[in-house]
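Okay, so here's the structure we're looking at.
Just the heavy atoms: all of them, side chains too, but no hydrogens, waters or symmetry mates, feed the values below. Letters go in sequence order (proteins before strands), and every chain restarts at 1. Source: prediction; values computed, not measured.
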Amino acid sequence: MAPRVLMVAEKPSIALSVATVLSGGRMSTRRGSTDVHEFDGVFLGHCAQYKVTSVIGHVFSVDFPPKYQNWDVTDPIDLFEAPVLKSEANPKAHISRHLHQEARGCDYIVLWLDCDREGENICYEVIECIGVHESEVGKKIYRARFSSVTEKDILKAMNNLVEPNKDEALAVDARQEIDLKVGVAFTRFQTRYFQGKYGNLDSRVISYGPCQTPTLGFCVQRYLQITTFKPEKFWSLHLYIMKDSYELQLEWERKKIFDFDVAVMFQKMVVNDGTLKVTNVSTTEECKTRPCGLNTVNLLKVASSALGLGPQVAMQVAERLYTQGFISYPRTESTAYPASFDFQGTVEALQYNPALREYVQALLVNGFQKPRMGSDAGDHPPITPMKSASEDMLGNDAWRLYMYICQHFIGSISHDCKYTRTKVEFESGAELFCVVGQHVTCKGFTSIMPWMAVNEKKLPQFLRGERIKMMKVDIYEGNTTPPDYLSESELISLMEKHGIGTDASISVHINNICERNYVQVNAGRRLVPTALGTALIRGYQCIDPDLCLPDIRSFIEQQITLIAKGKVNHAWVVRHALQQFMQKYSYFVKQIERMDALFEAQFSPLADTGRLLSKCGKCTHYMKYISSRPSRLYCVTCEEVYSLPQNGSIKLYKELACPLDGFELLLFSTGGPEGKSFPLCPYCYNSPPFEGIEKLLPGSSAKPGMPCSLCPHPTCRHSLISQGVCACPECGGGGGGTLVLDPVSAPKWKLCCNICNCLVLLPQGAHRISTTGKRCPDCDSAVLEVDFNKKTTPLAGGATLHAGCILCDELLHSLVEMKHGRSMFRRGRGRGRGRRPGGGRGRGGDPKMSFRDF
DNA sequence: GCAAGGTC
């Protein structure tokens, strides 16, 4: 039988290109998690059946196990030695399952991931999904190495298959683990420390990261240069002459001097001389070179400085242009065009663009220039237009960005700009002056990129030895000025220079420091640090400047490069790097008061912030509601902070207290037309899930990590304690009671009303219980869904999901109704009743214990 | 809630 070959690319577009080239365009396509292209061909000299599919970037991402997810119970320092887990980055896409299924029955795997470290790492993610042992690498699993997705490169790669490089993949594993542990440990510590003290920081988290923090560092460094700048007076000579009815101001060779008396002395020397002699006239041919191919960093810089588009927006627009086929892949480091690049075709496509037509046609007639040699990072070709477009097709921002990409591309294959530069030098009283003129002889690429044009500056004719009459010699008094705030475009250059982030992530880091309120983007897209951003960086500078220096990234890079080159063992490097960061972390924690001194000077203590809202269950005093991000409650007496759900409003809920802890209940509401609201107890909301259960119930069967399926709150992070399950059947109509899972007997699945203390038993052995929003047709009580484990409760039809009324003994009807669209109402027998103090206004007739006991 | 890196 013909061998079967599965090929996996990094993204669907590359899978399509590879399949198209290798099949000569004759393949069939099957839709799946990602498309699968099938065709017959030749593999290693035999006829073979091919399938080509792709992942969508990384399949897995790395995180801590659930045990370490709770900020309340995990000391951040433990994170450095915690295990890390890889889980599917996008579980909904089912990429892992897709690869496993497609690989079944295949004899060979060929990996077409991007040829960089990340790509090498994804190779091994694919190998993991496929479920093949790594010992098969080289026998069954091959790596295609290609530098561009062109026919020539694809065929060449196919004929030169190699093995994936495990060391490079391990280097990425190391980077992921170090970034995760360092970033999360510092972030959690800082966030809790400062948000537990100040009420007006206005940021959801006080984050730290080896890329985002140095990025912020650059902005603050410039800010500090500005604030500590002391202007100085300076003086300079302005000498004016008249020649052939041109009035000219000459440049003084000394530019400026900082002593007035000396400036006066020089002025006198010139005035006393009275004549100005031309000492030299020189003319040079100058050349302004055309640009190389456009890469992401340069695109982002132009987008920010010339088009006023921030990096985040620019990348979004560029991605849309890419997916619509107007431009090539927008994330690339390379500025060199591949040898096989189709310049002719690309130029021809642009002649239909009215704005470019004239220039493009001239280029086609006169021939275009070979582009300058750029740098080839081995990733993707430079960003180029792929087809013609009009403003109507794209919309304003996309059109401007697209036009820039076209202009840059055309510029890169146009002539250089040529001009002559004439410098005339003068002397008077032993002081030297000069004037410079420029004359463009060939506009070249500046015709299509007019903002790059060389300024014409005409000069009258001067002859060497000529004596010129001076009009006047003034002393100009000026002040030195500080630099401006860092522009976004300068920041991108600095990040690139120091290796902070990648073409794909630079925009994300900049966006992060804006969103977290560390910097603000001012007019002209200049970045001004906020009080928070400044306090953070100045704090690191006090405690441990390494933490905010760009070298922190290069340190990690240099460490993992040792792994990539196979020089040092992966585990050793990770352990060593983490040990160093752990020491830095401990020192930082010990010294945090030095950073805090800066915060103290800028921000208000929690006690001075917010307004009184609801009563604390511990001390019965009113607690303060802090409305600035992140909104939270603060008890001044107990000095405790209680976090609240975010992005909504909070108000007192009927002045009712939680029956469990005495804290006054609150009502949280989200805005908008589909706004939701639910009541919550601030103490329960902040209760560590397992601690509480275990304290209350020795020998509890609750397992760490068991998710809370009862709590309908989208923000709920409880496991077994929750609120607001459903309306209480006793007082639900008028009293507003809500059934909560009774924490005392949680593993026994009981519900307890927070108003009237009514207890409702739930079926045992269920592993998930949730609300349906439906009402029992018999007694009008809430209907719950109960999910049983098949093993413990085999039921007719293999059904595992049941729903029933919490008061009547009816259990199965709603399920059947849901499954078959009709009600099969089977009434069972009640087995007594739950504790129900107060009686209430039961609507279900004779109140019974709910649900049959399974 | 947290990092940085892929990609959509």
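Put simply, CD1 on A:Ile14 is 12 Å from C1' on B:dG6, counting in whole angstrom units. Between the CG atom of A:Leu79 and the C1' atom of B:dG1 there is a distance of 13 Å, given to the nearest Å. Per the geometry, CG belonging to A:Asp179 stands 10 Å off P belonging to B:dA3, to the nearest Å. Put simply, CD on A:Glu125 is 12 Å from P on B:dT7, counting in whole angstrom units. In this entry the distance linking CZ of A:Phe60 with C1' of B:dG6 reads 14 Å, nearest Å. Atom NE2 in A:His58 sits about 13 Å away from atom P in B:dC8, given to the nearest Å. Rounded to whole Å, the distance from CZ on A:Phe80 to C1' on B:dA3 is 12 Å. Between the C1' atom of B:dC8 and the CD1 atom of A:Ile56 lies a distance of 7 Å, rounded to the nearest Å.
The aromatic rings of A:His380 and A:Tyr329 are tilted relative to each other, their planes meeting at an angle between 30° and 60°. Relative ring orientation between A:His498 and A:Phe218 is described as tilted, the plane-to-plane angle lying within the 30° to 60° band.
If you check every strand for non-hydrogen atoms under 4.0 Å, A:Gln69 touches a base. Within 4.0 Å (heavy atoms only), A:Gln195 reaches at least one base atom of the nucleic acid. Residue A:Pro76 is classed as having no contact, given no heavy-atom separation below 4.0 Å to the nucleic acid. As judged by a 4.0 angstrom heavy-atom cut-off over every strand, A:Val172 is placed among residues making no nucleic acid contact. Within 4.0 Å of A:Asp63, counting heavy atoms only, lies at least one base atom of the nucleic acid. Within 4.0 Å (heavy atoms only), A:Phe64 reaches no atom of the nucleic acid at all. Among the protein residues, A:Arg188 comes within range of the nucleic acid bases, having at least one heavy atom under 4.0 Å from a base atom. At a threshold of 4.0 angstrom between heavy atoms, the contacts of A:Phe581 with the nucleic acid are absent. As judged by a 4.0 angstrom heavy-atom cut-off over every strand, A:Pro630 is placed among residues making no nucleic acid contact. Within the nucleic acid shown, A:Gly501 comes within 4.0 Å of sugar-phosphate atoms alone, with no base atom in reach, counting heavy atoms only.
Here B:dC2 is the nucleotide among B:dC2, B:dA3, B:dG5 with the atom lying nearest to any side-chain atom of A:Trp71. For A:Val62, counting side-chain heavy atoms from C-beta on, the closest listed nucleotide (B:dG6, B:dC8, B:dA3) is B:dA3. Of the candidates B:dG5, B:dT7, B:dG1, the closest approach to any side-chain atom of A:Tyr329 belongs to B:dT7. Looking at the side chain of A:Arg192, the nearest of the listed nucleotides B:dC2, B:dG1, B:dA4 is B:dG1. With distances taken from any side-chain atom of A:His509 to the nucleotides B:dC8, B:dG5, B:dA3, the minimum falls on B:dG5. Nearest to the side-chain atoms of A:Glu10 among the listed nucleotides B:dC2, B:dG6, B:dC8 stands B:dG6. Comparing atom distances between the A:Arg516 side chain and each of B:dG5, B:dT7, B:dC2 picks out B:dC2 as nearest. Checking B:dT7, B:dC2, B:dA4 against the side-chain heavy atoms of A:Arg204 singles out B:dC2 as nearest.
Geometric assessment of A:Lys387 against the ring of A:Phe326 yields a positive cation-pi assignment under the 6.0 Å and 45° thresholds.
When ring centroids are compared, A:Phe186 and A:Phe588 come within the 6.0 Å threshold. Annotation: A:Tyr634 is not in aromatic contact with A:Tyr625 [ring centroid separation under 6.0 Å not met].
Checking the phosphate oxygens (OP1, OP2) of B:dG6, a side-chain nitrogen or oxygen of A:Thr502 falls inside 4.0 Å. Under 4.0 angstrom from either OP1 or OP2 of B:dA4 there lies no side-chain N or O belonging to A:Ser505. Residue A:Gln212 places at least one side-chain N or O closer than 4.0 Å to OP1 or OP2 of B:dA4.
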With a 3.5 Å cut-off and sequence neighbours excluded, list the donor-acceptor pairs that the side chains of residues 508-516 of chain A form with protein atoms.
from	atom 1	to	atom 2	distance (Å)
A:His509	NE2	A:Ser505	OG	3.4
A:Arg516	NH1	A:Ser207	OG	2.8

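Nearest-nucleotide assignment on DNA chain B puts the 5′-proximal partner with A:Val182, out of A:Val182 and A:Asn90.
Under the side chain to side chain donor-acceptor pair (under 3.5 Å) criterion, A:Gln324 pairs with no residue, sequence neighbours left out.
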